[in-house]
Each structure stands twice: as structure tokens, then as C-alpha cells.
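In what follows, every chain begins at residue 1, and chains take the letters A, B, ... in the order their sequences are listed.
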Amino acid sequence: DAGITQSPRYKITETGRQVTLMCHQTWSHSYMFWYRQDLGHGLRLIYYSAAADITDKGEVPDGYVVSRSKTENFPLTLESATRSQTSVYFCASSGDRVPYEQYFGPGTRLTVT
Amino acid sequence: AQSVTQLDSQVPVFEEAPVELRCNYSSSVSVYLFWYVQYPNQGLQLLLKYLSGSTLVESINGFEAEFNKSQTSFHLRKPSVHISDTAEYFCAVINPFPSGGSNYKLTFGKGTLLTVNP
């Protein structure tokens, strides 16, 4: 299917475990973003990428790692999950022609126990 | 740097009543402004945007927002709401011409939950 997809949609993991959230887009957008959504905080940027192999930190990067070996994929890894990382994670992308207009995936609800 | 303040975290209204969701922003540069809508258990969808030109922008489902530069506001309005408008609404801004090491990063407000009651 065309668009931007995230997997899994729901994930429960234990403290200390490594978990990877996947994001895939079919538009060949250059820009990709990871946000987390928490009650009372709105959406906060974790990491972003301007192109394959180019990534940079956002507002709340601690405890997260990203990679972008292919334009269409932008996985987010929690190296050692903590309860404070329980959240809903959204991936977004935007294209070169309209880089300021971001399209969002459906989200992944992550619970760390 | 930019910041966005959504003045109301929750707005309950009755069906067919008018509604206004308030958004103020702060920025040292000119910005583009957006309203996103998030229906329950879904991702964010772009509702409308102000880039330049007419300060009043409209969506296809009856919402409108007015950019007011002097008051640094971008309030969202609808003259008559429906039950299906129940959702969380996010105001966001972006610097469309980032320089140096910057990038196209949206800054979001904390959201306003609009609940439309019958």
C-alpha cells in the first residue's frame, strides 16, 4: 500500500529490553521524522533525517538510536527500554518540493513494563 | 527557535454550536502555520495551513483559521460542529527557510481535545 506505515502498531516490552519500531514510506520522501506523543506534552521530536545516511537529534533523543540506510525506511531503536519511554510513537515524512508539509503514520503504542 | 501555546487543553461543546480553538506562537523569524487533527487511535492529518497570502484559510470540512501577525495567533474556528469533529487538534509552526544546521522541524502545541456532545 502507498503511504507511510509503522510496525508494530502495539508493543509491550520489559524494562531493559531492546526494541525497534519500524517506519516505511513509499513516496521517496527525503525527510523523515520520529515523534513521541505524551499526555500534556503534545508531540516532541526525537530524531529526524534529511536523506539516507543523514540523521540528527531532535528535542528528546536520549535513549534512542536511529538509522537510515535506505530512503524509504527509518527505524527507531530503544537500546534499553525504560518505563519513561512508554508512549505513542509517530513517524512522519516530507518531500523535497514541500519539505514543510509532513505526513504522519498511524503510530505505535509502546508500553514498557 | 519557535514555540506554540494552545490555550485550552479541553473544549467541550454541544453539537451545532460554534467553536474556537486558540493558538498563539512565538518566533524570531517568519513561520508557516498548521492545524493538524488526530481522531481517536489514529495518526495526525493535516487540516489546514497558512503559508502566505490571504490570512484566512479554510479546510474542506468547514473549519477555518485566521493568521494574525500582530497578535501572533492562528485560531481555529467552525461555525457549527458535528459529533464527528470530536478529536484532538494540534497547532504547529515551522521555519520554512532553515539555515545552517537546522532542518524542517515542526514545533507543536500540546493539543486541544475537542469533544462534541449531542
Query - chain B interface, residue from A:G58, A:A92, A:G40 that has the most non-hydrogen pairs under 4.5 Å - result: A:G40
Report task. Inspect the surroundings of CD1 in A:I12 and state if more than 12 heavy atoms from other residues, nucleotides or ligands are less than 6.0 Å away. Result -> no
Query raised in the report: Quick one: CG on A:L39 to NZ on B:K110, what's the gap to the nearest 0.5 Å?
Result: 10.5 Å
Requested in this report: Write out, in numerical order, the residues from residues 101-113 of chain A with a heavy atom short of 4.5 Å from a heavy atom in chain B.
Outcome: A:E101, A:Q102, A:F104, A:G105, A:P106, A:R109
Query raised in the report: Applying a criterion of heavy atom separation less than 4.5 Å, what residues of residues 6-36 of chain B form contacts with chain A?
Result: B:Y32, B:F34, B:Y36
Query - Value rounded to 0.5 Å, distance of CG in B:L106 from CG in A:L43 - result: 9.5 Å
Query raised in the report: Can you tell which of B:I94, B:V4, B:N41 has the highest number of heavy-atom pairs within less than 4.5 Å of chain A?
Result: B:I94
Query raised in the report: Shared ILVMFWY cluster between A:V88 and A:Y35, side chains joined below 4.5 angstrom?
Result: yes
**Report entry** Heavy-atom contact with chain A under 4.5 Å, split by part of B:E88
**Finding:** side chain
**Report entry** Same cluster (ILVMFWY, side-chain, under 4.5 Å), A:I46 and B:F108
**Finding:** no
Query raised in the report: A:Y100 versus chain B, heavy atoms under 4.5 Å apart: side chain, backbone, both or neither?
Result: both
Query - Partners meeting side chain to side chain contact (heavy atoms under 4.5 Å, CB included) with A:D96 (sequence neighbours left out) - result: A:S30, A:Y31
Report summary line: Okay, A:R9 and chain B: the region with an atom under 4.5 Å from a heavy atom over there is side chain
Query raised in the report: Same cluster or not: are A:L78 and A:Y48 linked, directly or through other Ile, Leu, Val, Met, Phe, Trp or Tyr residues, by side-chain heavy atoms under 4.5 angstrom apart?
Result: no
Report task. Check A:Q37 against B:Q38 and note the closest heavy-atom contact, atom names and distance. Result -> NE2-OE1, 2.9 Å
Query raised in the report: Non-hydrogen atoms of chain A under 4.5 Å away: do they reach the side chain of B:L46, the backbone, both or neither?
Result: side chain
Requested in this report: Examine B:V57 and B:F63 and state if one hydrophobic cluster contains both, with Ile, Leu, Val, Met, Phe, Trp and Tyr joined whenever side-chain heavy atoms are less than 4.5 Å apart.
Outcome: yes
**Report entry** Cluster overlap B:V37 with B:F74, hydrophobic side-chain contacts below 4.5 Å
**Finding:** yes
Query raised in the report: Among all residues two or more places apart in sequence or in another chain, which pass the salt bridge (charged side-chain N to carboxylate O under 4.0 Å, His left out) test with B:K78?
Result: B:D85
